[in-house]
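So the structure is just underneath, and the comments pick up after that.
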Amino acid sequence: QVHIVESGGALVQPGGSLTLSCAASGFWSNFYVIGWFRQAPGKEREGLSCVSNADDSKYYFDSVKGRFSISRDKAQNLVYLQMNNLKPEDTARYYCGIVFIKGGSEAICNLYPMSYWGNGTLVTVSS
């Protein structure tokens, strides 16, 4: 059974940095895309970044380009989201999701919903 656990959420001051981790387990497919999303109170869930296991491509939604960076440890099935220059509007619950489709990260992340989700980790940006 697919199991996803996010960690690393914290209270951080504006301008600070934080790295979130996503641990995915319980599957054996080589073709999947893992994505980071977030949902602020009263708002819809929005995409942040995705990485494809098929071609190692990375994709960033416009809202986080230049500030957030996705990376991974393939051997451990870990995906990280490095967040820099955090702003109060980055306050949200951050979720990791996975979808089992072969393809590049940009296409998959924009065209297909994630099949499995973790419970999220809370990031609060405040002084």
Side-chain angles (χ1 to χ4, degrees):
Q1 185 169 350
V2 178
H3 191 52
I4 296 176
V5 179
E6 305 94 335
S7 61
L11 170 64
V12 61
Q13 291 188 342
S17 297
L18 198 63
T19 299
L20 305 181
S21 299
C22 170
S25 61
F27 62 91
W28 293 266
S29 174
N30 286 324
F31 302 123
Y32 57 88
V33 169
I34 290 179
W36 279 101
F37 299 74
R38 69 184 178 191
Q39 188 167 17
K43 294 187 177 181
E44 294 186 356
R45 188 171 297 188
E46 66 169 323
L48 302 175
S49 182
C50 293
V51 60
S52 168
N53 190 63
D55 61 5
D56 289 327
S57 60
K58 300 174 182 179
Y59 174 73
Y60 298 93
F61 287 81
D62 289 343
S63 61
V64 300
K65 281 182 180 177
R67 291 196 303 130
F68 290 10
S69 176
I70 194 168
S71 62
R72 58 194 301 228
D73 179 338
K74 294 183 75 170
Q76 299 293 326
N77 269 348
L78 291 169
V79 176
Y80 304 100
L81 185 69
Q82 170 72 39
M83 306 184 294
N84 299 319
N85 189 23
L86 284 163
K87 306 173 182 179
E89 51 264 41
D90 293 317
T91 295
R93 179 166 288 274
Y94 285 67
Y95 296 90
C96 184
I98 189 170
V99 59
F100 296 98
I101 298 177
K102 181 180 180 180
S105 56
E106 180 174 358
I108 301 303
C109 208
N110 278 290
L111 295 176
Y112 294 92
M114 299 291 116
S115 299
Y116 299 91
W117 294 94
N119 290 326
T121 185
L122 185 62
V123 174
T124 302
V125 184
S126 175
S127 54

Could you state the interatomic distance from [atom1] ([X]) to [atom2] ([Y]), rounded to the nearest 0.5 Å?
X	Y	atom1	atom2	result
Q39	E44	CD	CD	8.0 Å
S49	I34	OG	CD1	11.5 Å
F68	S17	CZ	OG	9.5 Å
C96	R38	SG	CZ	15.0 Å
C50	E106	SG	CD	10.0 Å
F31	I101	CZ	CD1	12.5 Å

For this session: Kindly indicate, with the supporting measurements, whether the criterion side chain to side chain contact (heavy atoms under 4.5 Å, CB included) is fulfilled by Y94 and L18.
Result: CA-CA 12 Å; Y94 285 67; L18 198 63; over 6 Å; no

For this session: Please report the C-alpha distance between W36 and V64 in whole Å, then the side-chain angles of each, then the deciding distance to 0.1 Å, and finally whether the side chain to side chain contact (heavy atoms under 4.5 Å, CB included) criterion is met.
Result: CA-CA 11 Å; W36 279 101; V64 300; over 6 Å; no

Would you say [X] and [Y] make side-chain contact, with heavy atoms under 4.5 Å?
X	Y	answer
Y32	S115	no
L11	S126	yes
P113	V99	no

Exercise. Ion pair present between D62 and K65, side-chain N to carboxylate O less than 4.0 angstrom?
Worked result: yes

Problem set entry | Whether T91 side chain and V125 backbone form a donor-acceptor pair below 3.5 Å | yes

For this session: Begin with the C-alpha distance, continue with both residues' side-chain angles, and end with the deciding distance and a verdict on side chain to side chain contact (heavy atoms under 4.5 Å, CB included) for R45 and Y95.
Result: CA-CA 9 Å; R45 188 171 297 188; Y95 296 90; 3.7 Å; yes

Problem set entry | Over 12 foreign heavy atoms within 6.0 Å of CZ, F27 | yes

Exercise. Are Y59 and L111 connected, step by step, through hydrophobic side chains (Ile, Leu, Val, Met, Phe, Trp, Tyr) whose heavy atoms are closer than 4.5 Å?
Worked result: no

Minimal non-hydrogen separation, [X] against [Y], with atom names:
X	Y	answer
C109	F61	SG-CE1, 3.6 Å
T121	G9	OG1-N, 2.9 Å
D55	G104	OD2-CA, 3.5 Å
D90	R67	OD2-NH1, 2.7 Å
M114	I98	SD-N, 3.5 Å
S63	E46	OG-OE1, 3.7 Å

For this session: Given side-chain hydrogen bond (donor to acceptor under 3.5 Å, both in side chains), test S105 with S52 step by step and report yes or no.
Result: CA-CA 5 Å; S105 56; S52 168; over 6 Å; no

Problem set entry | Single hit among L81, D56, I70, V33 for side-chain contact (heavy atoms from CB on, under 4.5 Å) with V51 | I70

Problem set entry | Single hit among N53, V2, N30, I108 for side-chain contact (heavy atoms from CB on, under 4.5 Å) with F100 |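 Looking at N53, V2, N30, I108, the match for F100 under the side-chain contact (heavy atoms from CB on, under 4.5 Å) is V2.
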
Exercise. Would F37 and W117 count as a close aromatic pair, with their ring centres under 6.0 Å?
Worked result: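 Aromatic pair counts; centres sit under 6.0 Å.
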
Exercise. Are a donor atom and an acceptor atom from the side chains of T19 and Q82 found within less than 3.5 Å of each other?
Worked result: yes

For this session: Check step by step if side chain to side chain contact (heavy atoms under 4.5 Å, CB included) holds for M83 and L20.
Result: CA-CA 8 Å; M83 306 184 294; L20 305 181; 3.7 Å; yes

